[in-house]
Every structure is written in structure tokens, then in C-alpha cells.
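Just so it is clear: chains get the letters A, B, ... in the order the sequence lines come, proteins before strands, and each one is counted from 1.
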Protein chains: 2
Amino acid sequence: MTMPAAPKPASPRQNHLLDALPKAELEHLCTDLELVPLPLGKVLYESGEGLSHVYFPTTAIVSLLYVMENGASAEIAVVGNEGIVGIALFMGGETMPNRAVVQSAGQAYRLKGPVLKSEFARFGGRRHSSLQPLLLRYTMALLTQMAQTAVCNRHHTIDQQLCRWLLLSLDRLPSNELEMTQELIANMLGVRREGVTEAAGRLQSAGLIRYSRGHISVLDRPGLEARVCECYEVVRREFQRLLPSRPIA
Amino acid sequence: MTMPAAPKPASPRQNHLLDALPKAELEHLCTDLELVPLPLGKVLYESGEGLSHVYFPTTAIVSLLYVMENGASAEIAVVGNEGIVGIALFMGGETMPNRAVVQSAGQAYRLKGPVLKSEFARFGGRRHSSLQPLLLRYTMALLTQMAQTAVCNRHHTIDQQLCRWLLLSLDRLPSNELEMTQELIANMLGVRREGVTEAAGRLQSAGLIRYSRGHISVLDRPGLEARVCECYEVVRREFQRLLPSRPIA
DNA sequence: GAAGGTTAGTACGCTATGGTACAGAGAGGT
DNA sequence: ACCTCTCTGTACCATAGCGTACTAACCTTC
């Protein structure tokens, strides 16, 4: 069951990582958490650019993209309310050769880099932080998502990849509606826009979705799950296993 | 300059991660490091299987593969003397949905899981361990390699991918010779064996490599670099940036 | 040196996807 | 109501890579 559609007050607990923290620790962070709107298309960081903040999405979805020299792009991973944007900050290295762009508008809590770093390192000191193991497990799940993206890109059809993409997005949204043009989906998947049109047309004919000018209604989620490749389930299971506080679906 | 081909005595310092540790810390680990041979094809861990050890390759190269339900496979990343096999052990989660298989025979130092974990966690205590930040930065580099694999799978031709694969392997070997059948390369790249035959044939006609029954001699490395897609350089630069102790090339 | 296995090369048709061009269908402004 | 812009649908050809079948080199072993 997804939650009721009533406009809920924003709370850090809408992000599963923050929600998984012990009460005291979350409250400790709360003073530094800043709620920010993430409009569609906003670039949180650019390839190779240092990050000033990390973002814990609540209702927004962020795509990690690689943009090639010739301008073509491909989605590497997607981050919603189950995760955090900006792992390079606590993993070290400061930057990544990717771009993080808002794929579905919404909100996120952001935290200044130094605050996160000090909290992350506060491990084994007087007080045991549970943030570090949590973030590391999340990173593992992200790793799996990237690995599976590579596999999917190699072996699966656009139809299957579109199903995977829709399901991954759906899992990170409160409703069955998403605002997304075919053009943008094509950018994410790294395929032609026409390819998405055809694939989406097939899904629509099958009665699984309804598409109209940037708005997708998912009518038959089980139908999508029946068509998707194994990649989706592998990723979903891994997130659930590593971050069991709450199934991401 | 690659090192002279003389058979050197094995040393943990042949692995760049171990080599990057301060002397005292390496010596502390040395009692637990165990040199093991890694024959071609050996499976270090299976998808979803718990790991008892981590491996620091010195002369071996290990591939991380995803094996699909139908048996087809795709390489996710490759680990040589610049890295470590078994990051799930310190990242948490214990397992990964991949298989780690020896792609080029050689040696590695292995370390019992619990030893690594305790050393990894010995951070912020009385003594600051430099192992943790090192391994986390390595994980970031691995992340980039996976991301770039996804991009490469999406956008680049078999020829380009073969070049990338050869260069990545070359960077992890002391010589310009590799033992590798086209069949195996095809498994790694997740393409048909015939596709590799044709791509390799083109490289051979161009005088860049010589291929003969499982043995490849790279004759013209700059030639390969001229044909490879940007993915190779992105990964190489990222490894160099994050693990600057020694360029992996 | 003959036999059998492994590795590599070649050929042919098929399909998914890319490149390109253009037409239709909504939405929004004036 | 009309124009215009954005988004979607369709069509056509080109091509990279797949599936399959077969042949040709080469290596090993008897």
C-alpha cells in the first residue's frame, strides 16, 4: 500500500536513510538539515565538480548521468527517498565523473558537506555513529544498481529497459503517476526518443500504462513486472536486503 | 616503463593498496596475509555467496561478472594489483550478486574476513588506521569503473570495447602479453565470440596486436589508445586521482 | 603422422536499434 | 479561434550485432 495522497508535512523521516537512524542521532543532525525544493532538471552537481552538500531526497528523484563528449548520455543510477546524493563526499575523492540531475521534481533535505563528513567519521569514538555503516551499505546497493545497469544495457531490449526504468521510478514515488516526456526517458536510457515512443506504445497497447504529453499513468504494475528483465528484481532485492528498514517498493 | 621480466619474489607491496599503507600498518597486517595462487578460471566467490576472505591481487587479474538466468554474462569490473576483491566484506552486506572469477592467472594475498573488518573499523580509535579511507577511495574508483562499463555497453562498438578491455588488462599486467581466448573475452564483454574474432581481426590487420590461439601480443599500445572510446581514459584518470600512490598504468 | 579437440575465421540471414525526416495531436498564449 | 510550440507517432533506410552453420588452422596425444 502506498500512502494516502494527502499533502503530508515534510519530515526528514520521509527519507529512508534518515529514518533508519536512531532517534538521538537524527535529532542531532536535524539542526543542520535544510529542506530544499528540487525542480525538474536542476543539476545538483556536474561531472568532476566538488560537492558542497549531500542531498537526502524525500519526494524528488535524482538521476546520475554520464554525459559523453559528443553530448549523448546514459543513466548510471537513480536515487530517490531510499538514498543519498553525493556519496563521493563521505567515500572520499570529493567528485565523480557524473552529473546528478533532478529527474522528478520534489523536495530533499540537504546537509553541508563538512557536517556529513564529521558525522560519518564519528565512528568508534566516544559515541558510536550508526550513520557510517548505513551509508556504506547504501553505497553497496548503489553499486549493485550500477552493475545491473551495465548488464541491462548489454543484454536487454528497450522494452525491458523501459519497464525497469518505470518500476524503479515508481518505487520512489508515492503515486502511480509520473511526469516525464519520452524525450527525457530516452536521454536517461541513452536511446533514441523514437525508440521510447515505440516501446511506450507497446506498453500502452497492452494496457499497462497511459501516456499523454509528459504524463504517464501506470495502470497495471504487475503487468510491467511481468515484462521487465531480471535486472529490476536483482536491484530491488539488494536494496531490500541491505537497507531492510523499509522495502523501497 | 614496465618492470623487468625477471621473476621477482612475491611481496605484498606488489599490490598497490597494500603498498599505499604506512609501513607499520602493513607490517601489522603481514602476519595475516597469505599468498595464494589464483589459477585461470578459479571462482573466488559466487553470486550471493558469503566471502571468507578478501584478495589483494599481485600478478593475477580478477573479473567481476554478472551471470544472467539464461547463462549469458557480462563483466562489471576488473580488479588487478591496484585493488581488492571482496569489498562487500568491509562495506557491509557480506555478499554481492556477482561472481568473481580469475581472468588472468597469477597470485594474490588473501586476508581473513574478520581480520580485515577489524582493521577497517579501527578508525578513530586510539590509532588512526589509514586502511579505511584507502579502501573507500578504491571503492569509489570501482564505482566509476562500473558506471563507465554501463556507458560503454550502451554506446560503444565492440571494437572500442575490445580496446578498452585490452588496455584495462594491460594496465594490470607486467608485460604486453596476455593469455586469453576470444571465447573468454566474448564472455567478459557479453558479446558473441564471432564478434570478438572480427574485432580482433581488425586490430590485427591494423598491426596493433597479434593473436594466436589464446595468446595476445600487444604490439602497438598507442594504437589501441587511439581507437579506444573515452571510457578507458575516464576510468584510468579516476583511479589515478583517487589512488595516487602509483599510476595504475 | 593420424585423430581428435580446441581455437579462430567466414558466411548468411535476421532483428533491434540508430539516423533522419516528417506528420499529427495537445496545450497554452494572444 | 488561431498560432505556435512541444510532445508523440510513423515511416524509411542503414547498420551493428546476433544466431547459426560451417570451415580452417593449430595443438596434443597416441
Worksheet item: For DNA chain C, which nucleotides open and close the run of contacts to chain A, 5' to 3', at under 4.0 angstrom from a non-hydrogen atom?
Response: C:dT17 to C:dA27

Could you tell me if [Y] and [X] have a donor-acceptor pair between their side chains, going purely by distance under 3.5 Å?
{"X": "A:S73", "Y": "A:R99", "result": "no"}
{"X": "B:D171", "Y": "B:Y232", "result": "yes"}
{"X": "A:E82", "Y": "A:H16", "result": "no"}
{"X": "B:Q160", "Y": "B:R164", "result": "no"}
{"X": "A:E177", "Y": "A:S217", "result": "yes"}
{"X": "A:Q161", "Y": "B:R154", "result": "yes"}

Look only at the side chain of [X] and the backbone of [Y], and say whether a donor-acceptor pair between them is shorter than 3.5 Å.
{"X": "B:N15", "Y": "B:G83", "value": "yes"}
{"X": "B:T149", "Y": "A:A150", "value": "no"}
{"X": "B:R210", "Y": "B:H215", "value": "no"}
{"X": "B:E75", "Y": "B:S63", "value": "no"}
{"X": "A:T144", "Y": "A:E238", "value": "no"}
{"X": "B:R172", "Y": "B:L168", "value": "yes"}

Worksheet entry | Any residue of residues 67-76 of chain A with a heavy atom less than 4.0 Å from an atom of DNA chain C | none

Worksheet item: Tell me, which of residues 191-211 of chain B have any heavy atom that sits under 4.0 Å from an atom in DNA chain C?
Response: B:R193, B:E194, B:T197, B:Y211

Worksheet item: Applying the side-chain contact (heavy atoms from CB on, under 4.5 Å) test to A:L224, which of A:L162, A:L167, A:L219 qualifies?
Response: A:L167

Discussion item. Under the side-chain contact (heavy atoms from CB on, under 4.5 Å) test against B:V218, which residue among B:L173, B:L178, B:L208 passes?
Written reply: B:L178

Worksheet item: Taking atom C1' of D:dG9 as reference, at what distance in whole Å does atom CD1 of A:I158 sit?
Response: 15 Å

Discussion item. Without decimals, in angstroms, what is the distance between A:H215 NE2 and D:dT6 C1'?
Written reply: 17 Å

Discussion item. For nucleotides 23-30 of chain D, give me one character per nucleotide, 5' to 3': B if any protein heavy atom sits under 4.0 Å from the base, S if the only such contacts are to the sugar-phosphate, - if neither.
Written reply: --BBS---

Practice prompt. Please tell me which of B:D159 and A:S212 maps to the more 5' nucleotide of DNA chain D, matching each residue to the nucleotide holding its nearest heavy atom.
Written response: A:S212

Using a 3.5 Å cut-off and no angle test, enumerate the donor-acceptor pairs between side-chain atoms of residues 180-195 of chain A and protein atoms at least two apart in sequence or in another chain.
{"residue": "A:T181", "atom": "OG1", "partner": "A:L184", "partner atom": "N", "Å": "3.2"}
{"residue": "A:Q182", "atom": "OE1", "partner": "A:T197", "partner atom": "OG1", "Å": "2.6"}
{"residue": "A:R193", "atom": "NH1", "partner": "A:T197", "partner atom": "OG1", "Å": "2.9"}

Response to the item:
Rounded to 10°, the angle between the first-five-pair and last-five-pair axes of the helix from C:dG1-D:dC30 to C:dT30-D:dA1 is 30°

